[in-house]
Structures are given as structure tokens and as C-alpha cells.
Amino acid sequence: RSAVEYADEINVYADEEVIRFARQEIDASDRHVALSVYVWDWPEDIAGKLAAWEQLGVERTFLTFWHPFDTLGRAVDLLS
């Protein structure tokens, strides 16, 4: 909670309850604080989740890539 008083960006895990809480705290602070999420394990419908998180006010998403890097193809599809 106190991070919204000084941070320029808050990064949280990609959990919708956590995202909503962070967004509420940011909104209550009356400051512009960017909201970003960190994705450890990709959900099946990553494109749908990215759109849903954007609707919740997420400005950036950090995606984790693990060996055997099978998610790289999906990431390329998201960017094209």
C-alpha cells in the first residue's frame, strides 16, 4: 500500500484479485502510477488475459520464457 506514495510503477503477479487491489490503491492515491504484471506461468489464453488485464489498467506485462522456450512462438504471434 505504501508504494503508491512514492513509486512510479507497481509490478504485481498476474492474479486478477491482486491486479484489482493494486489498481484500487493507485486510484485512491491520486497519483499517476503505472501498473504492470509479471507472468510466471503462461495461462492457456494469454491473448485474452492480456486484453483483460489492459481493461484493468495494466500498462505493461512481463512474460517469463523457460526452456524449452516453446512459448516463443506464441509471443511472436502476439506481436504480429
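All heavy atoms count here, side chains included; hydrogens, waters and symmetry mates do not. Index from 1, following the sequence.
- Neither side chain, T61 nor Y38, offers a donor N or O lying under 3.5 Å from an acceptor on the other.
- Note that the CG atom of D41 and the OG1 atom of T71 stand 10.5 Å from one another [nearest 0.5 Å].
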Test log, rule ring pair (Phe, Tyr, Trp, His ring centres under 6.0 Å), inputs F65 and W42 = CA-CA 9 Å; F65 295 90; W42 288 36; 5.6 Å; yes
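- A salt bridge is defined here as a Lys NZ or Arg NE, NH1 or NH2 lying under 4.0 Å from an Asp or Glu carboxylate O, and E16 with K49 meets this definition.
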Show your working on side chain to side chain contact (heavy atoms under 4.5 Å, CB included) between F62 and W40 and close with a plain yes or no.
-> CA-CA 9 Å; F62 298 91; W40 185 268; over 6 Å; no
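- Residues L78 and L50 have side chains in contact (heavy-atom distance under 4.5 Å, counting atoms from C-beta outward).
- For the residue pair A34 and I26, the shortest heavy atom distance occurs at O-CD1, 4.4 Å.
- The number of heavy-atom neighbours closer than 6.0 Å to CD of E59, taken from other residues, nucleotides and ligands shown, is above 12.
- The minimum heavy-atom distance between N11 and S36, with the atom names listed, is ND2-OG, 2.9 Å.
- Under the 4.5 Å side-chain criterion, counting only non-hydrogen atoms from C-beta, L63 is in contact with I46.
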I19/V37 under side chain to side chain contact (heavy atoms under 4.5 Å, CB included): CA gap, chis, key distance, verdict | CA-CA 8 Å; I19 294 169; V37 297; 3.5 Å; yes
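- A continuous path of ILVMFWY side-chain contacts below 4.5 Å connects V33 to V18, so both sit in one hydrophobic cluster.
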Check the pair R23 / L35 against side chain to side chain contact (heavy atoms under 4.5 Å, CB included), numbers first and verdict last.
-> CA-CA 7 Å; R23 181 80 261 157; L35 177 60; 3.9 Å; yes
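- Considering only heavy atoms from C-beta on, L56 comes within 4.5 Å of R20 through its side chain.
- V76 and W66 fall into different hydrophobic clusters, where Ile, Leu, Val, Met, Phe, Trp and Tyr are joined by side-chain heavy atoms under 4.5 Å apart, directly or via other members.
- In this structure, R31 does not pair ionically with E5, as no charged nitrogen and carboxylate oxygen lie closer than 4.0 Å.
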